[in-house]
Amino acid sequence: MAAITLADAEGLAAVSMRAVAGALGTGAGSLYRYLSSRDDLLDLMTDRAVGELRPYPEADGDWLDTMVLLGRRQLALFGAHPWLLDVIQRPSGVGPESLAWFDNCIRILQPVRCPVASKFEAIAMMTGVVSLFARRETAAGAFSLAGADLTAYPHLVAAFGQPSGPAPRADLVERTLRGLLTGLLLAGSTETG
């Protein structure tokens, strides 16, 4: 889709009805025959990008492993289309690919015995956390306290003075997603199969 190509190359601000029409070799008026506004265009772009998460993995293994894999795929999608980080925050229409994504997640979570509302919350929280990781990866410069005078902050000084310990077995994305999903879905559930 021309709009996605434009957003990937120049950012979301470059996506206008006129710019997309120009990329298609037509006038903006012709797009308005199919779309009523730029918001409709953004909805279509988002849904089309979400379709890139297909094919979905089989749920024949552990549900948690499969959900972590889906979270990693979301992270890669945000890396491929950084503009998605801006459009997922806005209220929008839900298209068929987004519905398929939620349907797939619910399919994977079938073995977890908890209220369906908890499953939807967990899916939404997973997407939110993944988007935070994606924002961190796209942020210019890393957070650093180098050069900061920490003498007025004794707890920070003490924390930085402690040994860091062994490296965790799993990376932060995986540890976070596993902790989040088990915390939200298994608290009070009767089966984790």
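Positions are given from 1 along the sequence.
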Indicate yes or no: at least one non-hydrogen side-chain atom of [X] is less than 4.5 angstrom from one of [Y].
X	Y	value
D39	L42	yes
V130	R135	no
R107	Y56	yes
M67	L177	no
L70	I108	yes
N104	L53	no

Which pairs count as ring-ring contact (aromatic ring centres under 6.0 Å, His included) when at least one residue sits in residues 82-111, sequence neighbours excluded? H81-W83
Counterpart residues, side-chain hydrogen bond (donor to acceptor under 3.5 Å, both in side chains), relative to [X] (two or more places apart):
X	result
T176	none
R18	none
D65	R178
R54	E97

Please list every donor-acceptor pair under 3.5 Å in which a side-chain atom of residues 116-123 meets a protein atom from a residue at least two apart or in another chain.
{"unit_1": "K119", "atom_1": "NZ", "unit_2": "L109", "atom_2": "O", "d": "3.0"}
{"unit_1": "K119", "atom_1": "NZ", "unit_2": "V112", "atom_2": "O", "d": "3.0"}

Only counting residues at least two apart or in another chain, list the ones meeting side-chain contact (heavy atoms from CB on, under 4.5 Å) with [X].
X	answer
L24	A2, V20, T26, L31
S36	D40
L44	M1, L35
S131	F78, L85, I88, Q89

Which atom pair, heavy atoms only, marks the closest approach of [X] to [Y]?
X	Y	value
D8	A80	OD1-O, 3.6 Å
L6	A19	CD2-CB, 3.6 Å
M45	A7	CE-CB, 3.7 Å
A3	L41	CB-CD1, 3.9 Å
W63	L185	CZ3-CD1, 3.7 Å

In terms of hydrophobic clusters joined by side-chain contacts under 4.5 Å, are [X] and [Y] together?
X	Y	answer
I106	L64	yes
V94	M125	no
L172	L180	yes

Would you give the length of the straight line joining atom CZ of R38 to atom OH of Y32, rounded to the nearest 0.5 angstrom? 10.0 Å
So how far is it from I4 CD1 to T46 OG1, rounded to the nearest 0.5 Å?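 These two atoms lie 8.0 Å from each other.
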With salt bridge (charged side-chain N to carboxylate O under 4.0 Å, His left out) as the rule and sequence neighbours excluded, what pairs involving residues 69-84 come up? R72-D171, R72-E174
Can you list, by chain and residue number, the hydrophobic cluster partners of L69 when the side-chain cut-off is 4.5 Å?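 Same cluster as L69: nobody, lone residue.
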